[in-house]
Amino acid sequence: MARFRTWVSIAVAGALGLSLAGCSSTGGKRAEDARKASAARGKAAVSTPRWTFAMITHSGDGDTFWDIVQSGAEEAARKDNINFVYSHNDEAQQQAQLVDAAVDKKVDGIIVTLAKPDAMKAAVARARKAGIPVITVNSGSAESKKFGALTHIGQDETIAGEAVGEELNERGRKKALCVLHEQGNVGHEQRCAGAKSTFDGKMANLYVEGTNMPDVQSAIEAKLQSDKSIDSVVTLGAPFAATAVKAKQDAGSKAEIDTFDLNEKVAQGLRSGDLGFAVDQQPYLQGYEAVDLLWLYRYNANVLGGGRPVLTGPQIVTKDQAAELEEFAKRGTR
Amino acid sequence: MTTTVPEKQPGREPAERLDERLIKTSPLKKLMGRPELGSVVGAIAVFVFFSVFADSFLRASSLATVLYASSTLGIMAVPVALLMIGGEFDLSAGVLVTSSALVSSMFSYQMTANTWVGVGVSLLVTLAIGAFNGFMLTRTKLPSFIITLGTFLMLTGMNLGFTKLISGTVSTKSISDMEGFESAKDVFASTFTIGGVDFKITILWWLALVLVATWLLLRTRVGNWIFAVGGDVDAARAVGVPVNKTKIGLYMGVAFGAWISGQHLLFSFDVVQSGEGVGNELIYIVAAVIGGCLITGGYGSAVGAAIGALIFGMTSKGIVFAEWNSDWFKFFLGAMLLLATLLNAWVRKRAEAIK
């Protein structure tokens, strides 16, 4: 045991020594801190009672997109003096149970996603029966009203897809590839189907294993190698756009890479010309608006859009806006 | 009562005294007895199949892509195979790769340190997690399935929790503008060109691991220990094999593989998503099994596991090259794997019958 302890202390000392000796003069945390100082940190702007709002999404673990939704919701919660509680589960049944739990806790408002609407129906009805206002976000614009939600905030996936098809036409593309990173995700299918419906050229789907980046890269590479006539690749999530760029370079293809969603790397890619365009559904807005609209309803019984879906996208982002958005993406709000 | 001593047969005597392991066998029979034989036949079958059905499969650049896909799997499949020969499982291997990449990226970033420092710290942490698996296993005597399932869940949570806590988001910040990044990228994620075709450096790492593992298994005392603890733990302990050390070492071997894969992930894509890696552990095990490793331990080879990874790489990318309807992608993949494994088992049975 004594020998073990010696080894541990040597390792720790070594690590500390190395980190002190081997500093990087570029990038890293130090550079970030300098940037962070410029970001706003709001505080409560109203003196309404401290209501509790719960947000329950269908997000899986570690999803960048939902991170941005959350930071929007938190920002609005700070401003509106709201106690904001977030939970998520990608299994529909578990998500419904989380909604039930929020109802049991008698929260003052619920924000929920309807990615798998049928599974959520009973839970939403239960919340309404308990007199808790519900707002749906992101997915479920068709079911939102039927289920008794106040309003829906999000992007219609089919409309977003259609916007991509039109943008591709405008860029004179002939053959496109739609890369789906989750097999069986309805929203993904709708995006690709929407793009296909407005695109004048040919579009094929490609499934990749989203949890395994090297696999994503080699699959796109293989596709580009086997079909040289593909002139554009559309990925459905921001992290996959950068991978598609690498795959394109390795395959020696000239295809343009375009993507749904935005993050820091996508903004960089747009600026450098590696990416053609990105379709942003503005997740920050989905979180921010949901909390703010619940507050407005509680405070003033306002319902934005008279209960019709409020669209947050699709916003097509190109090189022109890239520089500005890069800063915002870096701090995790775009 | 009279005892009749059998008459001595001078010609047969040496053979009787020899240990059965020392009996001379013909090279053909030796070949037929190798664990990887079935997978070699399977690999050839898959290769011929896609050469016929996918036009672009035989191009040099396509083969480079297939080799890349196989190598990222193979780097893990080889140490996982060794562990399986030693009679244990590691369900945490897939997320450990992500953990390793996360540690290295976040340490460099948060300390604003040279990226090589992060790489070194990550090696220590990853090996420590491997040692933890082995230590828990040998101490508690619980099945490795339970121990590593626990580690798998804990690591999945920690990957997410720590990343969120430290970076504020679920993916790490880019470290591509930091010192030491370029040289580390050369080691873990560069490409080299042979005859105008670009190959990924992971292929070299993969080959090196196969060589080292094969040498370890067949030419050293440690190799005997691995086969012994996988075959019969009690017997191995009785003849003085350091069972616990061997098992801990095997888990650290898997951790070392995870470290290489993790660094590749980091330096290839500069940003690491904390939710990645889940599910890959099964693919490593599948590759090892296709390569002739027995799930019960005591039998298998490193070369076989590498060929198993190659079969997986060829199948998953061959389907894309063949341009089959991608809705059926997973079905094709499963069917090909099943066929390859069945063929493997059939060939092995034939080989054993001949022996």
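Within every chain, numbering begins at 1; the chains are lettered A, B, ... in the order of the sequence lines, protein sequences first and strands thereafter.
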Can you tell which part of [X] gets under 4.5 Å to a heavy atom of chain B, answering side chain, backbone, both or neither?
X	value
A/Asn263	neither
A/Ala219	both
A/Gln268	neither

Side-chain H-bond candidate by donor/acceptor type, B/Glu276 with A/Thr211, under 3.5 Å: no
Distance-minimising heavy-atom pair for [X] and [Y]:
X	Y	result
A/Asp215	B/Ser316	OD1-OG, 4.4 Å
A/Pro214	B/Leu265	CD-CD1, 3.5 Å
A/Pro239	B/Gln273	CB-NE2, 3.3 Å

Interatomic distance, B/Ile319 atom CD1 to A/Ser226 atom OG [nearest 0.5 angstrom]: 12.5 Å
Which of B/Ala69, B/Ser61, B/Ser174 touches chain A most, by non-hydrogen pairs under 4.5 Å: B/Ser61
Interface residue of largest heavy-atom contact number with chain A, from B/Phe321, B/Tyr68, B/Phe181, under 4.5 Å: B/Phe321
side-chain contact (heavy atoms from CB on, under 4.5 Å) partner of B/Val320, the single match among A/Leu224, A/Leu206, A/Ile220: A/Leu206
Structural part of B/Asp55 lying under 4.5 Å from a heavy atom of chain A: neither
Side chain, backbone, both or neither of B/Ile175 within contact of chain A (heavy atoms, under 4.5 Å): neither
salt_bridge(B/Glu323, A/Lys223) N-O dist < 4.0 Å: yes
Residue pair A/Lys246, B/Asp270: steps toward the salt bridge (Lys or Arg N to Asp or Glu O under 4.0 Å) verdict: CA-CA 12 Å; A/Lys246 291 182 72 66; B/Asp270 353 314; over 6 Å; no
Steps toward side chain to side chain contact (heavy atoms under 4.5 Å, CB included) verdict (A/Gln225, B/Ser56): CA-CA 7 Å; A/Gln225 282 164 344; B/Ser56 44; 5.7 Å; no
